[in-house]
Undergrad: 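Structure below; questions to follow.
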Amino acid sequence: KEIVRAENLWKVYPDGTKALRGVSFSVGKGEFVGVMGPSGSGKSTLLHLVGGLDKPTEGEVLLFGKSLSGMGEDELAQFRKRKVAYIFQFYYLLEDFNVLENLLIIGELLDIKDTEEKALRILDFLRLSHRLKHKPYQLSGGEQQRVAIGRALISEPALILADEPTGNIDWEEGRKIFELFKKLNEEEGITFIVATHNPDLKPFFHRIVSLKDGEVVA
Ligand code: ADP
Ligand code: ADP
């Protein structure tokens, strides 16, 4: 079953930069797909378009068989909240709130049931149970990224888009993050699209979309 389809995506930024030049690909349910390519090749732009965070100049994105361009703002917002989760290189945690609260607040915003129970279970899975009352600044980079993953999991998304999720953490912690992703992929059936420029991460992926200068080269 197809979860994502990108058709002839072009993205031209206002300054004339052609970040994507006719990108097409599709991702099936349960896949663990890498988007790879050097810095500036268009990986972030592509993930933004797939997640509905930005609009293509030309072409279209279908998520779960529905065209994003045909959706109104409300429908798009619902999609972003409930079906798709985004994990960024920088964690964007709420600095004034502790680990548990960072998840609870999202649960409340999205009006999710049994948030506390869910949050505790997720944080246990992420091996953060001993850090519930810690604030983000008291955590290592890898731990902060695991909190961000926990926040993404609260809405029980079918698709997770991760943009250089290990870009700011060392190799050992990064590998742990990828192992958690794989576990979520295999055990929960969550589909992943992960952008990275790090070739060492290649072995984790089922399939790789290679970008160069805004085009798919492999
Ligand atoms: P990657 O994630 O592979 O590093 P990006 O998608 O961030 O690539 O960037 C692709 C190209 O688009 C680069 O040349 C980058 O400088 C340019 N770019 C990205 N965002 C913007 C923007 N908001 N305005 C203008 N150019 C941008
Ligand atoms: P890394 O090298 O991965 O960034 P750190 O050296 O920052 O790791 O942290 C190592 C351990 O110490 C982590 O488990 C982290 O939670 C803990 N730690 C770091 N800073 C603080 C702090 N200010 N208060 C409490 N624990 C901390």
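Just follow the structure's listing: the first ligand is 1, and inside any ligand the first atom is 1. Positions are given from 1, in the same order as the sequence printed here.
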Undergrad: Output the list of atoms in ligand 1 that are nearer than 4.0 Å to some heavy atom of Thr17, sorted by atom number.
TA: 12 (O), 14 (O), 17 (C), 26 (N)
Undergrad: Quick one: sort the Phe32 and Phe178 rings into parallel, tilted or perpendicular, breaks at 30° and 60°.
TA: perpendicular
Undergrad: Any sub-3.5 Å donor-acceptor pair from Asn102's side-chain atoms to Phe97's backbone N or O?
TA: yes
Undergrad: Which bit of Pro38 gets closer than 4.0 Å to ligand 1, counting heavy atoms only: side chain, backbone, both or neither?
TA: backbone
Undergrad: Give the residue and atom name of whichever protein heavy atom lies nearest to atom 5 (P) of ligand 1, and the separation in Å to one decimal.
TA: Thr45 OG1, 3.7 Å
Undergrad: Would you mind checking which non-hydrogen protein atom is closest to atom 8 (O) of ligand 1, with the distance to 0.1 Å?
TA: Gly42 N, 3.1 Å
Undergrad: For ligand 1 and Ala19, I'd like to know whether there is a polar contact (N/O to N/O, distance under 3.5 Å).
TA: no
Undergrad: For a salt bridge (charged side-chain N to carboxylate O under 4.0 Å, His left out) check, start with the C-alpha distance between Glu179 and Arg146, then their side-chain angles and the critical distance, and finish with the verdict.
TA: CA-CA 12 Å; Glu179 277 161 8; Arg146 278 187 273 142; over 6 Å; no
Undergrad: Where do Glu215 and Val23 come nearest, in terms of heavy atoms and distance?
TA: CA-CG2, 4.4 Å
Undergrad: Using a cut-off of 6.0 Å, state whether more than 12 heavy atoms not belonging to Glu75 lie near its atom CD.
TA: yes
Undergrad: Short check: is a protein heavy atom less than 4.0 Å from atom 15 (C) of ligand 1?
TA: no
Undergrad: After noting the C-alpha distance and the side-chain angles of Lys176 and Glu173, does the key distance pass the salt bridge (charged side-chain N to carboxylate O under 4.0 Å, His left out) rule?
TA: CA-CA 5 Å; Lys176 280 192 226 158; Glu173 277 280 345; 3.7 Å; yes
Undergrad: In terms of side-chain heavy atoms, does Thr17 have a donor or acceptor partner in Asp15 at a distance below 3.5 Å?
TA: yes
Undergrad: Around atom 26 (N) of ligand 1, find the nearest protein heavy atom and jot down its residue, atom name and distance.
TA: Tyr13 CD1, 3.4 Å
Undergrad: Could you list the atoms of ligand 1 found under 4.0 angstrom from a heavy atom of Lys43?
TA: 1 (P), 2 (O), 3 (O), 4 (O), 6 (O), 8 (O)
Undergrad: Could you tell me the residue and atom name of the protein heavy atom closest to atom 13 (C) of ligand 1, and the distance to it rounded to 0.1 Å?
TA: Gly40 O, 3.7 Å
Undergrad: Do you know which two heavy atoms are closest between Glu95 and Lys135, and how far apart they sit?
TA: O-CD, 3.7 Å
Undergrad: Run the contact test for Gly37 against ligand 1 with a 4.0 Å cut-off on heavy atoms, strictly below, and give the result.
TA: no
Undergrad: What part of Asp15, side chain from CB on, backbone N/CA/C/O, both or neither, has a heavy atom under 4.0 Å from ligand 1?
TA: side chain
Undergrad: Give the residue and atom name of whichever protein heavy atom lies nearest to atom 7 (O) of ligand 1, and the separation in Å to one decimal.
TA: Ser44 CB, 3.6 Å
